[in-house]
Q: 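Please find one structure pasted underneath; my questions will follow.
It should be emphasised that the depicted structure is a prediction, and the values quoted were computed from it without experimental measurement. Residue indices begin at 1 and follow the sequence shown. These numbers come from the heavy atoms of this one structure, side chains and all, not from hydrogens, waters or symmetry mates.
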Amino acid sequence: MGFFVGLLFGLFAGLAIVVLFVRSENSRSNLRTKLATTVAAFARMTVEDSRKILPAEFYPSWVVFSQRQKLTWLNQHLTKIWPYVDEAASDLIKASVEPVLEQYRPVILSSLKFSKFTLGAVAPQFTGVSILEDGADSVIMELEMQWDANSNIVLAIKTYLGVSLPVQVKDIGFTGVFRLIFKPLVNEFPCFGAVCYSLRKKKKLDFTLKVIGGDISTIPGLADAIESTIRDAIEDSIMWPVRKIIPILPGDYSDLELKPVGMLEVKLIQARDLTNKDIIGKSDPYAVLFVRPLPDRTKKSKIIVSSHSPPCFLIDATTQHLVVRIYDDEGVQASEFIGCAQVLLSELEPGKVKDVWLNLVKDLEIQRDSKYRGQFYKPLSSDFSMTSLERVLKNGANGTDDIENEKAVTHKKREIIIRGVLSVTVISAEDLPIVDLMGKADPYVVLTMKKSELKNKTRVVNDSLNPVWNQTFDFVVEDGLHDMLILEVWDHDTFGKDYMGRCILTLTRVILEGEYKDCMPLEGAKSGKLNINLKWMPQPIFRDS
């Protein structure tokens with residue numbers, strides 16, 4: 001009897017194991033089929049599909065979606081013909097770069113020229129190419145290049161003391177993007193009239209300076225001066241938007257030359273929460289602004305608060321950007337870097353002011369650090385059709401064209417003083433912060449013109465966090481371009497007052513627009529907004545200088 005029971009039990013157990021094994025294999029087979037289907041679907045995905053599934057904020061900073069195509073075939077051909085390219089290009093580059101080196105020659109040198117210039121035996125490698133859409137009259141191509149050169153470049157330098165030194169430029173490492181513009185397109189072979197080339201982006205440029213048979217450090221500051229001269233020469237001679245034009249077919253190609261298209265005006269208002277670089281005391285910050293990092297085109301502020309930067313001309317607002325670098329002044333020592341920020345000029349609207357707070361970062365190219373370095377505030381105004389000087393002179397004081405004035409400007413510089421009456425209407429406030437223990441407030445607003453120190457204040461509204469004033473104040477402004485309006489909200493108390501927040505405004509926007517209404521958030525407060533209306537009645541003054 002026990003034998004039959006054991007036999008039946010073994011039979012059922014075996015069948016159960018077989019069933020479980022079959023089900024397991026079927027399940028694994030289904031999983032493998034689904035996995036293969038998923039892998040095949042991912043294999044068919046495009047870059048656009050990936051961007052739709054995962055937004056840009058979910059990707060780490062090192063993930064880049066490149067649309068550049070590989071150029072293995074071009075690198076192979078370039079390697080073969082490079083000896084001939086080296087011989088032809090060396091003389092051309094030498095002849096075009098030497099005048100620029102002379103232009104940026106350091107003051108400690110009396111002469112700076114090439115004694116030897118060859119590109120070397122190592123050909124550059126093109127790592128990608130892309131075609132940009134820019135209308136029907138041109139074709140724009142961008143080539144990404146990487147070059148670890150063994151060039152033989154020797155600079156013959158002379159100092160005012162009569163010392164001659166041969167300085168070798170070696171160990172050149174370069175990575176960048178060149179832009180080629182084929183324009184205009186014509187119906188005659190080779191189907192374009194001229195080629196413009198420029199260095200669109202300089203990702204890396206490293207090199208070493210060495211005195212042949214000596215040590216360059218024996219002359220203090222010489223290495224830094226020569227390196228700065230070389231970098232400035234490259235920036236000024238070939239860096240975008242500068243472009244070199246090579247005519248292919250006979251014709252007039254003056255429209256391809258470098259021309260200003262507008263003017264950018266910048267005013268630094270204030271900074272907050274800057275990193276303190278000094279162990280004892282506070283930092284002495286100042287700002288350096290540039291669109292192109294050249295010595296004569298870089299603007300430096302004396303102080304970062306309420307500093308006006310002279311206008312700079314724009315060449316290509318679609319690709320250029322304004323860079324602001326903040327430093328801590330250390331007196332006789334080298335200034336210490338605090339942070340930097342940039343504004344894309346393509347985000348600005350011609351003729352309008354844009355007020356922005358910019359977060360400072362350590363590096364504009366690699367923004368991986370999350371450390372908070374402070375902010376600074378500035379309004380930006382741009383005009384891509386005519387400058388503010390041209391606009392005022394064209395309209396004249398009475399609104400008519402004055403040809404004689406335009407002729408006079410070419411011989412004598414005119415400084416424009418924007419004088420007028422600023423009418424400020426303080427309408428109301430919303431959601432003011434609670435500063436009293438009782439949970440109420442008696443707010444009023446103090447209006448101050450920073451430059452003239454003229455002041456006015458509204459009446460006190462009792463027991464309200466959403467007060468309504470509807471009061472208008474007029475200020476006579478002597479220099480509107482360099483003045484600011486400060487509106488401070490205070491809580492009136494019997495034995496004093498409590499600060500609730502403030503708004504700081506430049507007059508550039510109201511000067512350009514004439515009148516506008518805005519709702520301004522209170523700075524230095526957890527909540528609160530101030531509703532105001534500004535109106536400008538101009539009285540322009542022209543002063544020869």
Side-chain angles (χ1 to χ4, degrees), residues 267 269-270 305-306 308 351-355 377-379 381 388 392 395 397-399 416-435 440-493 496-525 527-541:
K267 189 171 185 180
I269 303 302
Q270 66 175 131
V305 180
S306 186
H308 186 268
K352 292 188 177 182
V353 179
K354 182 176 183 180
D355 295 344
Y377 168 61
K378 61 180 181 178
S381 63
S388 58
V392 173
N395 295 332
N398 56 359
I416 302 175
I417 306 299
I418 304 297
R419 184 179 186 274
V421 177
L422 176 67
S423 180
V424 184
T425 301
V426 183
I427 303 172
S428 62
E430 304 173 7
D431 194 23
L432 292 179
I434 299 174
V435 292
K440 296 181 180 181
D442 305 318
Y444 66 96
V445 180
V446 177
L447 301 86
T448 306
M449 299 304 302
K450 182 175 178 61
K451 196 168 184 179
S452 61
E453 298 184 352
L454 296 175
K455 290 189 177 183
N456 267 310
K457 67 178 181 180
T458 67
R459 65 177 181 273
V460 177
V461 177
N462 295 321
D463 298 334
S464 177
L465 296 178
N466 299 281
V468 177
W469 292 284
N470 280 323
Q471 288 184 261
T472 301
F473 305 92
D474 293 332
F475 296 92
V476 177
V477 181
E478 297 295 337
D479 189 1
L481 289 179
H482 302 93
D483 211 341
M484 291 190 300
L485 172 66
I486 303 175
L487 301 103
E488 296 178 310
V489 183
W490 296 86
D491 176 25
H492 175 73
D493 288 333
K497 58 183 180 180
D498 295 321
Y499 177 75
M500 304 183 74
R502 70 174 181 177
C503 301
I504 300 178
L505 302 172
T506 62
L507 308 187
T508 312
R509 179 180 173 186
V510 69
I511 291 173
L512 291 175
E513 298 183 11
E515 183 177 3
Y516 74 90
K517 182 179 179 181
D518 204 350
C519 181
M520 309 295 298
L522 291 182
E523 178 192 337
S527 62
K529 296 179 180 180
L530 195 61
N531 297 306
I532 59 174
N533 186 87
L534 299 183
K535 185 177 180 180
W536 177 258
M537 289 161 282
Q539 298 175 356
I541 299 175

Q: Give the C-alpha distance, both sets of side-chain angles, the deciding distance and a yes or no for side chain to side chain contact (heavy atoms under 4.5 Å, CB included) between Y444 and V461.
A: CA-CA 7 Å; Y444 66 96; V461 177; over 6 Å; no
Q: Testing the basics here: between A441 and M500, what is the closest heavy-atom pair and its distance to 0.1 Å?
A: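 Where A441 meets M500 most closely, the heavy atoms are CB-CE, 4.1 Å.
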Q: Output, in order, the C-alpha distance, side-chain angles, deciding distance and verdict of side chain to side chain contact (heavy atoms under 4.5 Å, CB included) for L534 and L505.
A: CA-CA 10 Å; L534 299 183; L505 302 172; 4.0 Å; yes
Q: Measure the shortest side-chain to side-chain distance between P443 and H492 over non-hydrogen atoms and say whether it is less than 4.5 angstrom.
A: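 P443 vs H492: side chains apart.
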Q: Not counting sequence neighbours, which residues clear side chain to side chain donor-acceptor pair (under 3.5 Å) with N462? List them please.
A: none
Q: To check you understand the geometry: which heavy-atom pair defines the closest contact between G501 and L522, and what is its length?
A: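 It is C-CD2, 4.2 Å.
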Q: Return the set of residues passing side chain to side chain donor-acceptor pair (under 3.5 Å) with S464 (not counting sequence neighbours), or none when no residue passes.
A: none
Q: Are the side chains of S452 and V477 in touch, meaning some heavy atoms are under 4.5 Å apart?
A: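 SC-SC contact between S452 and V477 ruled out.
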Q: Can you confirm whether K517 sits close enough to I427 that some side-chain heavy atom of one is under 4.5 Å from a side-chain heavy atom of the other?
A: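 The answer is yes, as the side chains (C-beta and beyond) meet within the 4.5 Å cut-off.
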Q: Could you tell me which non-hydrogen atom of M449 sits nearest to which non-hydrogen atom of L507, and how far apart they are?
A: CE-CD1, 4.0 Å
Q: Which heavy atom of V435 sits nearest to which heavy atom of Y499, and what is that distance?
A: CG1-O, 4.0 Å
Q: Stepwise, does the side chain to side chain contact (heavy atoms under 4.5 Å, CB included) test hold for I532 with T425?
A: CA-CA 6 Å; I532 59 174; T425 301; over 6 Å; no
Q: Heavy-atom distance under 4.5 Å between the side chains of N533 and T472, does that happen here?
A: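 No, too far: nothing below the 4.5 Å cut-off.
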Q: Any sub-3.5 Å donor-acceptor pair from Q471's side-chain atoms to R459's backbone N or O?
A: yes
Q: Write down the atom of D463, the atom of K440, and the distance for their closest heavy-atom approach.
A: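 Between these two residues, the closest heavy atoms are OD1-CD, 3.8 Å.
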Q: Can you tell me how far CG of N466 sits from OG of S428, rounded to the nearest 0.5 angstrom?
A: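 That separation rounds to 8.5 Å.
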Q: Using modelled atom types only, decide if a donor and an acceptor are shared between the side chain of D498 and the backbone of D491 within a distance under 3.5 Å.
A: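 Not at all, since once roles are kept as given, no pair shorter than 3.5 Å links the two residues.
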Q: To the nearest 0.5 Å, what is the distance between CG on L487 and CD on E523?
A: 12.0 Å
Q: Report the distance from atom NZ of K455 to atom CZ of F473, rounding to the nearest 0.5 Å.
A: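 That separation rounds to 14.0 Å.
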Q: Report yes or no: does S527 contribute a side-chain atom to a donor-acceptor pair with the main-chain N or O of D431 at less than 3.5 Å?
A: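 Yes: the side chain of S527 pairs with the backbone of D431.
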Q: With the side chain counted from C-beta on, respond yes when D483 and K450 share a heavy-atom pair under 4.5 Å apart, and no when they do not.
A: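 With C-beta onward as the side chain, the pair touches.
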Q: Search all heavy atoms of M537 against all heavy atoms of S423 and return the closest pair with its distance.
A: CE-CB, 4.1 Å
Q: Just do the side chain to side chain contact (heavy atoms under 4.5 Å, CB included) check on L530 and R502 with the steps written out, would you?
A: CA-CA 9 Å; L530 195 61; R502 70 174 181 177; over 6 Å; no
Q: Tell me every residue that passes salt bridge (Lys or Arg N to Asp or Glu O under 4.0 Å) with K451, counting only those two or more places apart in sequence or in another chain.
A: D479
Q: Mind checking what makes side chain to side chain donor-acceptor pair (under 3.5 Å) contact with W469, not counting sequence neighbours?
A: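 Partners of W469 by the side chain to side chain donor-acceptor pair (under 3.5 Å) criterion, ordered by chain and then number, come out as T458.
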Q: Go through the structure and list residues passing side chain to side chain donor-acceptor pair (under 3.5 Å) with R509, not counting sequence neighbours.
A: E513, D518
Q: Does the pair K529/E430 count as a salt bridge with the N-to-O cut at 4.0 Å?
A: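 Result for this pair is no, no salt bridge flagged.
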Q: If you round to the nearest 0.5 Å, how far is NZ of K497 from CG of D442?
A: 14.5 Å
Q: Considering residues at least two apart in sequence or located in another chain, which fulfil the salt bridge (Lys or Arg N to Asp or Glu O under 4.0 Å) criterion with D474?
A: none
Q: If you round to the nearest 0.5 Å, how far is CG of L422 from CZ of F475?
A: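 F475 CZ to L422 CG: 7.0 Å, rounded to 0.5 Å.
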Q: Rounded to the nearest 0.5 Å, what separates atom CD1 in I504 from atom CE in M520?
A: 10.0 Å
